[in-house]
Amino acid sequence: MLKRKLINYIFFFNELHKEGKFNGNVLIAEKGEIIFKESYGLANEETKQKLNEETVFELASLSKQFTAMGIVQLEKEGRLSYNDTISKYIPELKIYKGVTIHNLLTHTGGLPDYMGLAEDYWDKTKIATNDDIISLLEKIKPKMEFEPNKKWDYSNTGYLLLGTIIERVSGKSFEEYLKEKIFSPIGMNNTTIYRRRFLPKKMQNYALGYIFSDSLQRKILPDELGNDFYVVYLDGIVGDGMVNSNIHDLLLWDRALYNNSFIDNNDRKLIFSSYKTDENEETDYGYGWFLADNDIYGKIAYHTGSWAGYLTFIDRHLDNDKTIIILQNNSNKETKIPIKNVRRILYDLPVEKPIILEDDLLLKYKGIYITDKGKEKEIVFEDNKLWIPMNPQVKLELVPVSKTKFIVSGFSPEVSYTFILDKNSEVIGYRVQQPEQGVDQITKRKITQ
């Protein structure tokens, strides 16, 4: 069985790499034993340095699980409480009343998005730090998105503030604290905080993160877009990102989370439980981890990351002790996190292949759609595919699974878009669903004159 899985993974990833859809490292383990690991592509496009299993990648939002663990450790030491409000440690933000550390951990705080705030107000000739963003929040005083614990909404702002709380409570820098309390005890010797624009330092065997430039028709480093590109001027932020590691260190981290000498069962229950909002809705998010229950795979704790050319993923199958770690350093129209089929191979299920639809049919679906809150959402057609623009630099591919149903490529938990047709087969809207996160919304197509 293991030999069959190995062969299937070799074929699957070789094909993805040949098609330009995967550039990075992958490690898959069962009960801590590695059953597949491989490197595909280059770490440095200029020098042609190849990736290898020790190569270090920026983890992007996978960093949040380490921030959450730092908070858990400080609570265990009695140095803070999950019920403490953020103003106890960050008095500059006393206007945001009732927001607790628990709210920050579970994305239920309702705080405004710091990235949008920085886009509008930050001097982009400088690189912002956590304190800079806190000062900006204090000065501008943007309104909260919702009252604490009323809703769930993924918040990078919350984890930025958690990073600051770790520093202020411990008296150490975020980097020093994580190294002393997490990385070194576990033996994660290739894991560090690295902000290469804000605090440059020499890094051995490092994967540079690349995006694709439509105008230049080649891979570029995000820095080539200038200092006013958000990944450049936000390079000083810690807490929501900036942990760098490799596949072997992340497997050590995975094993430590089963080890009672590092955390106990009470800690695990806190970290890997889904918390409810005041509206009694499940968040499917614990302390730094997304959570899902699957009829085939059992309970899964996972997280994705996307930043500055990096696409990252960690998948921990808690009931079956299986681990998937995927680190990529190319982020473009073709690259994707192929988690759905990686899981299927791991459980000896057949690989699912997308269907191919004619351009004439895909063109029917492009256009502007209106949500029930009056917001406009666009579906675009480029390169014979449908895309959802997230911002000027990032688009998510819609992959067809039927003539009317599409899934968002590489997104977990799975997001589906089903186009709604009238009796004349004209497109009148779409339905977007993500059951694990309680998303089920219908849009109407904007009528153009």
Decide yes or no for Thr283 and Thr277: does some side-chain heavy atom of the first lie under 4.5 Å from some side-chain heavy atom of the second?
yes
Side-chain donor-acceptor contact under 3.5 Å, Asp131 with Thr129
no
Side chains of Asp315 and Tyr297, donor plus acceptor under 3.5 Å
no
Does a side-chain heavy-atom distance below 4.5 Å link Leu327 with Leu51?
no
Please report whether the ring centroid of Phe66 lies less than 6.0 Å from that of Trp253.
yes
Test of ring centre spacing under 6.0 Å for His303 and Phe290:
yes
Charged N-O contact under 4.0 Å between Glu77 and Lys181
yes
Heavy atoms from other residues, nucleotides or ligands near OH of Tyr347 exceed 12 (cutoff 6.0 Å):
yes
With a 4.5 Å heavy-atom cut-off, do Trp289 and Arg316 have their side chains touching?
yes
Considering only heavy atoms from C-beta outward, does the side chain of Val415 approach that of Val439 to under 4.5 Å?
no
Keeping the roles fixed (side chain from Lys299, backbone from Phe272), state whether a donor-acceptor pair exists under 3.5 Å.
yes
Has Lys172 got more than 12 heavy atoms of other residues, nucleotides or ligands less than 6.0 Å from its NZ?
no
For Lys336, is there any backbone N or O sitting under 3.5 Å from a side-chain donor or acceptor partner on Gln328?
yes
Would you say the side chain of Asn330 lies within less than 4.5 Å of the side chain of Phe22, judging by non-hydrogen atoms?
no
Geometric class of the His102/Tyr287 ring pair [parallel <30°, tilted 30-60°, perpendicular >60°]
perpendicular
State whether the number of non-hydrogen atoms from other residues, nucleotides or ligands found under 6.0 Å of Tyr121 atom OH is greater than 12.
no
Okay, side chain of Tyr114, backbone of Leu137: is any donor-acceptor separation there less than 3.5 Å?
no
Within 45 degrees of the ring normal and closer than 6.0 Å to the centroid, is that where the cationic atom of Lys31 sits relative to Tyr258?
no
Residues that Glu119 engages under side-chain hydrogen bond (donor to acceptor under 3.5 Å, both in side chains), provided they are two or more places apart
Tyr233
Donor-acceptor side-chain pairing of Asp319 and His317 below 3.5 angstrom
no
Contact check, side chains of Ile247 and Val26, non-hydrogen atoms, under 4.5 Å:
no
How long is the gap from CD1 on Ile220 to CG on Asn332, to the nearest 0.5 Å?
11.5 Å
Has the side chain of Thr67 got a donor or acceptor atom that lies under 3.5 Å from a matching backbone atom of Gly239?
yes
Residues that Glu58 engages under side-chain hydrogen bond (donor to acceptor under 3.5 Å, both in side chains), provided they are two or more places apart
none
So, does Thr312 use its side chain to make a donor-acceptor pair with the main chain of Leu59 at under 3.5 Å?
yes
Has Asn149 got a side-chain atom pairing as donor or acceptor with Asn103's backbone, closer than 3.5 angstrom?
no
Between CG of Asn189 and CD of Glu54, what distance do you get to the nearest 0.5 Å?
10.5 Å
Gln217 atom CD, over 12 foreign heavy atoms within 6.0 Å:
yes
If we ignore hydrogens and angles and just use 3.5 Å, is the side chain of Tyr285 paired with the main-chain N or O of Thr108 as donor and acceptor?
no
So do the side chains of Leu398 and Val408 get within less than 4.5 Å of each other, counting heavy atoms only?
yes
Less than 4.0 Å between a side-chain N and a carboxylate O, is that true for Arg255 and Asp321?
yes
Could you tell me whether the side chain of Asn329 reaches within less than 4.5 Å of the side chain of Tyr310, counting heavy atoms only?
yes
Verify the distance criterion only: is there a donor paired with an acceptor across the side chains of Thr192 and Lys201 at less than 3.5 Å?
yes
Would you tabulate the side-chain donor-acceptor contacts of residues 32-39 under 3.5 Å, counting partners in other chains and residues two or more places apart, or write 'none'?
from  : atom 1 : to    : atom 2 : distance (Å)
Lys37 : NZ     : Glu53 : OE1    : 3.4
Lys37 : NZ     : Glu53 : OE2    : 3.0
Ser39 : OG     : Asn25 : OD1    : 2.8
Ser39 : OG     : Glu53 : N      : 3.4

